[in-house]
Amino acid sequence: QVQLVESGGGLVQFGGSLRLSCAASRLTFSTYTMNWYRQAPGKERELVAVITERGDSTNYSDSVKGRFTISRDNAKNTVYLQMSSLKPEDTAVYYCNAVRRSRNYWGQGTQVTVSS
């Protein structure tokens, strides 16, 4: 079955940086749009960043624009989220998501905690 495995989360100080990775297996990775979502305690899951199949187009939520960068390496079946200038409000579980037509897959999530 399809697997999406996130890594790279952890505890970081205000203003710090982290890079999340999501390794995909058992799917034709280069045909999927890849998304990063996050969910903070007591809040709805929020779409953070999107990258198209070939990586030629990206989009970001207003809350992270200019601070986060999504990228992908189709040769490695991996999508990344580089997060900089982190704030306490970025604290959440971050999820990798793969979408292609009616197919929609999720990773298990990785915790990011930003201390003030």
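- Note: Thr33 OG1 to Arg103 CZ = 14.0 Å, rounded to the nearest 0.5 Å.
- Put simply, the side chain of Gln108 never gets that close to the backbone of Val5: no donor and acceptor are under 3.5 Å apart.
- Under the 4.5 Å side-chain criterion, counting only non-hydrogen atoms from C-beta, Val93 is not in contact with Thr110.
- Shortest non-hydrogen contact noted between Ala40 and Ala92 is N-CB, 3.8 Å.
- By the 6.0 Å contact criterion, CD on Glu44 is open, its count of non-hydrogen atoms from other residues, nucleotides or ligands being 12 or less.
- Other residues sharing the hydrophobic cluster of Val2, ordered by chain and number and joined by side-chain separations under 4.5 Å: Leu4, Val12, Leu18, Leu20, Leu27, Phe29, Tyr32, Met34, Trp36, Val48, Ile51, Tyr60, Val64, Phe68, Ile70, Val79, Leu81, Met83, Leu86, Tyr94, Tyr105, Val112, Val114.
- Judged by distance alone, with hydrogens and angles left aside, the side-chain atoms of Asn74 form no donor-acceptor pair with the main-chain N or O of Gly55 at under 3.5 Å.
- Taking the side chain as every heavy atom from C-beta outward, Arg100 and Glu53 never approach each other to under 4.5 Å.
- Once rounded to the nearest 0.5 Å, the distance linking CD of Glu6 with OG1 of Thr78 reads 11.5 Å.
- The minimum heavy-atom distance between Tyr95 and Arg45, with the atom names listed, is CZ-NH2, 3.5 Å.
- Remark: the backbone N or O of Ser57 is paired with a side-chain donor or acceptor of Thr52 at under 3.5 angstrom.
- The side chain to side chain donor-acceptor pair (under 3.5 Å) with Asn35 is formed by just one residue from the set Asn59, Asn104, Asn97; it is Asn97.
- For the pair Pro88/Phe14, a side-chain contact is recorded, criterion being any heavy-atom separation below 4.5 Å from C-beta on.
- The CG atom of Asp90 lies 11.0 Å from the OG1 atom of Thr113; values are rounded to the nearest 0.5 Å.
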Please assess Glu89 against Ser63 for the test side chain to side chain contact (heavy atoms under 4.5 Å, CB included), listing each intermediate value before the final yes or no.
CA-CA 9 Å; Glu89 50 264 45; Ser63 59; over 6 Å; no

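- Note that Arg72 lies outside the cation-pi zone of Tyr80, set by a 6.0 Å cut-off to the ring centre and a 45° limit from the axis.
- A salt bridge links Asp62 with Lys65: the closest approach of a Lys/Arg side-chain nitrogen to an acidic carboxylate oxygen falls below 4.0 angstrom.
- The structure places CD of Gln82 at 7.0 Å from CZ of Arg19, a figure rounded to the nearest 0.5 Å.
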Please lay out, stage by stage, how Gln13 and Ser116 fare under the test side chain to side chain donor-acceptor pair (under 3.5 Å).
CA-CA 6 Å; Gln13 289 188 335; Ser116 56; over 6 Å; no

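- Considering every non-hydrogen atom in both Gln39 and Lys43, the closest pair reads NE2-O, 3.1 Å.
- Expressed to the nearest 0.5 Å, how far OG of Ser30 lies from CG of Asp73 amounts to 11.5 Å.
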